[in-house]
Protein chains: 2
Amino acid sequence: MSNQVYLVDDDEAIRDSLGWLLQSRGLTCTAFASAEEFLAAWSPQLAGCLLLDIRMQGMSGLQLFDRLLELGNRLPVLFLTGHGDVPMAVSALKKGAFDFVEKPCDDKELMGRVLEALQVDASNRASAASSESINSRLEKLTTRERQIMELILAGKFNKVIADELQISMRTVEVHRANLFEKMGVRTAVELSQLMTGRR
Amino acid sequence: MSNQVYLVDDDEAIRDSLGWLLQSRGLTCTAFASAEEFLAAWSPQLAGCLLLDIRMQGMSGLQLFDRLLELGNRLPVLFLTGHGDVPMAVSALKKGAFDFVEKPCDDKELMGRVLEALQVDASNRASAASSESINSRLEKLTTRERQIMELILAGKFNKVIADELQISMRTVEVHRANLFEKMGVRTAVELSQLMTGRR
DNA sequence: CCCTTAATTGTGGATATCCACAACCCGCCG
DNA sequence: CGGCGGGTTGTGGATATCCACAATTAAGGG
């Protein structure tokens with residue numbers, strides 16, 4: 001699990017105190033003084049979580065959040081704010097923010113939520129990674145192999161597939177063997193488990 | 001889709017005005033003057049959504065919410081409050097509340113959220129129904145059949161299963177055929193698709 | 001004690017799958 | 001032109017699956 005926390009707050013005192021708190025508990029904290037700075041450093045591969053102040057000079061935390069959503073951010077976002085209101089919190093959470101905390105807040109409380117966020121990120125990344133690995137294997141399939149895979153996943157026998165595609169059963173067998181090989185499965189059931197949920 | 005809205009608020013004026021609003025848009029509104037009253041009427045089969053005031057005489061809306069969670073409530077809960085604060089909203093949403101709205105609120109806004117909640121409920125119920133149907137079929141399986149199903153889902157051949165269970169392959173075939181019949185599937189792939197995600 | 005249900009096994013034949021070995025056609029690219 | 005990759009097909013044999021027909025054993029309930 002990554003122990004990286006990104007902190008965006010335009011108040012240096014907060015950056016220092018929170019940074020100290022996080023690091024004293026064994027987390028790595030990287031601080032940014034503005035939304036723009038973080039945006040410049042952001043990449044889809046960042047792991048960890050994001051502590052985000054709302055009221056800031058320039059781009060606000062909420063605007064940064066929206067922008068990150070567009071960019072496909074997967075980092076759990078924990079809003080930190082001194083002047084939040086209910087609709088703001090509700091909207092942020094419904095858009096997928098991980099948490100919304102008012103400053104000042106209890107150190108233990110905050111640490112707990114940050115750790116939760118890091119957990120969530122770790123499990124998100126794990127499932128994203130396996131899904132990526134599946135995608136890369138899918139890309140190695142030829143058109144015909146993908147087509148036949150669909151029919152296998154529809155629970156059809158080789159014979160039926162051959163009929164539907166107007167090719168010999170032997171050909172279906174070959175494609176089937178090849179695609180199993182490429183997908184790294186040994187049986188149709190494994191393939192089905194690998195693929196159910198996507199598509 | 002159900003058009004039933006349950007409204008719990010101890011203020012008669014609110015019950016009347018909201019009830020009127022909802023009914024004027026074609027929804028059915030059933031109002032309760034206290035958490036206790038609703039609790040008495042509640043059953044797991046209720047469909048629709050729940051509009052819940054927080055500050056009330058006796059049990060508060062939040063307490064009712066917690067109690068309903070324990071009871072396995074699946075109705076989307078839309079909190080309505082005149083005196084909510086941010087931590088309260090955050091905690092409610094993180095516990096699974098559907099929304100958290102401050103009174104007074106815009107009629108159109110509220111209607112939109114209520115309709116959303118009804119949609120969510122409808123789709124929840126649809127998937128719960130199919131999952132229920134699967135469960136009831138699972139219950140009809142004998143212990144042995146369930147056991148063999150596990151091994152099939154692990155992608156094992158009848159032969160291997162027979163070895164592992166120290167029984168004849170013929171027996172495995174029989175159980176397999178029976179459980180396919182009971183589960184309403186024709187192939188192992190279909191079974192796998194039915195079962196992946198649960199367990 | 002009888003009946004039911006679950007679990008078990010056998011026989012035998014029709015089908016289906018798996019696989020090694022070989023081969024042909026075609027379009028694309030250097 | 002020659003090579004390469006993708007799609008195609010065939011043969012034949014070893015395995016596996018599917019299924020109808022038949023039957024035994026053990027446990028639990030009425």
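Every chain is numbered from 1 and lettered A, B, ... according to where its sequence line falls, protein lines coming before strand lines.
Between the CZ atom of A:Phe157 and the C1' atom of D:dT17 there is a distance of 9 Å, given to the nearest Å. The distance from atom CD1 of A:Ile148 to atom P of C:dT17 is 13 Å, rounded to the nearest whole Å. The CD-C1' distance, from A:Gln147 to D:dG6, rounds to 13 Å in whole Å. Rounded to a whole Å, the CG atom of A:Asn158 is 15 Å from the C1' atom of D:dT15. In this entry the distance linking CZ of B:Arg146 with P of C:dA6 reads 11 Å, nearest Å. Whole-Å rounding puts the A:Lys156 NZ to D:dT17 P distance at 23 Å. Rounded to an integer number of Å, the gap from CG of A:Leu141 to P of D:dG6 is 11 Å. The distance from atom CD1 of A:Ile167 to atom C1' of C:dC24 is 16 Å, rounded to the nearest whole Å.
Ionic pairing of A:Glu70 and A:Arg67 is present here: one or more N-O contacts between side-chain nitrogen and carboxylate oxygen are shorter than 4.0 angstrom.
The phosphate of D:dT8 (OP1 or OP2) has a side-chain N or O of A:Arg144 nearer than 4.0 angstrom. Dashed line: the shortest gap from a side-chain N or O of B:Thr142 to OP1 or OP2 of C:dA7 is under 4.0 Å.
Taking hydrophobic clusters as Ile, Leu, Val, Met, Phe, Trp and Tyr residues chained together by side-chain heavy-atom distances below 4.5 Å, B:Leu110 does not share a cluster with B:Phe100.
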Collect all protein-nucleotide pairs involving nucleotides 27-30 of chain D in which both atoms are nitrogen or oxygen and the distance is under 3.5 Å.
none

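Between A:Tyr6 and A:Phe32, the angle of the ring planes lies from 30° to 60°, which puts this pair in the tilted group.
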What donor-acceptor contacts under 3.5 angstrom involve side-chain atoms of residues 77-90 of chain A, with partners at least two apart or in another chain?
| unit_1 | atom_1 | unit_2 | atom_2 | d |
| --- | --- | --- | --- | --- |
| A:Thr81 | OG1 | A:His83 | N | 3.0 |
| A:Thr81 | OG1 | A:Gly84 | N | 3.3 |
| A:Asp85 | OD1 | A:Met88 | N | 2.9 |

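Atom CZ of B:Arg146 has more than 12 heavy atoms from other residues, nucleotides or ligands within 6.0 Å.
Under the side chain to side chain donor-acceptor pair (under 3.5 Å) rule, B:Glu164 has a single partner from B:Lys156, B:Lys159, B:Gln147, which is B:Lys156.
Listed in residue order, the members of residues 168-185 of chain B having a heavy atom less than 4.0 Å from DNA chain D are B:Met169, B:Arg170, B:Glu173, B:Arg176.
A 4.5 Å side-chain heavy-atom check between A:Leu68 and A:Leu39 finds at least one atom pair inside the cut-off.
When all heavy atoms of A:Leu22 and A:Cys29 are compared, the pair lying nearest together is CD1-SG, 3.8 Å.
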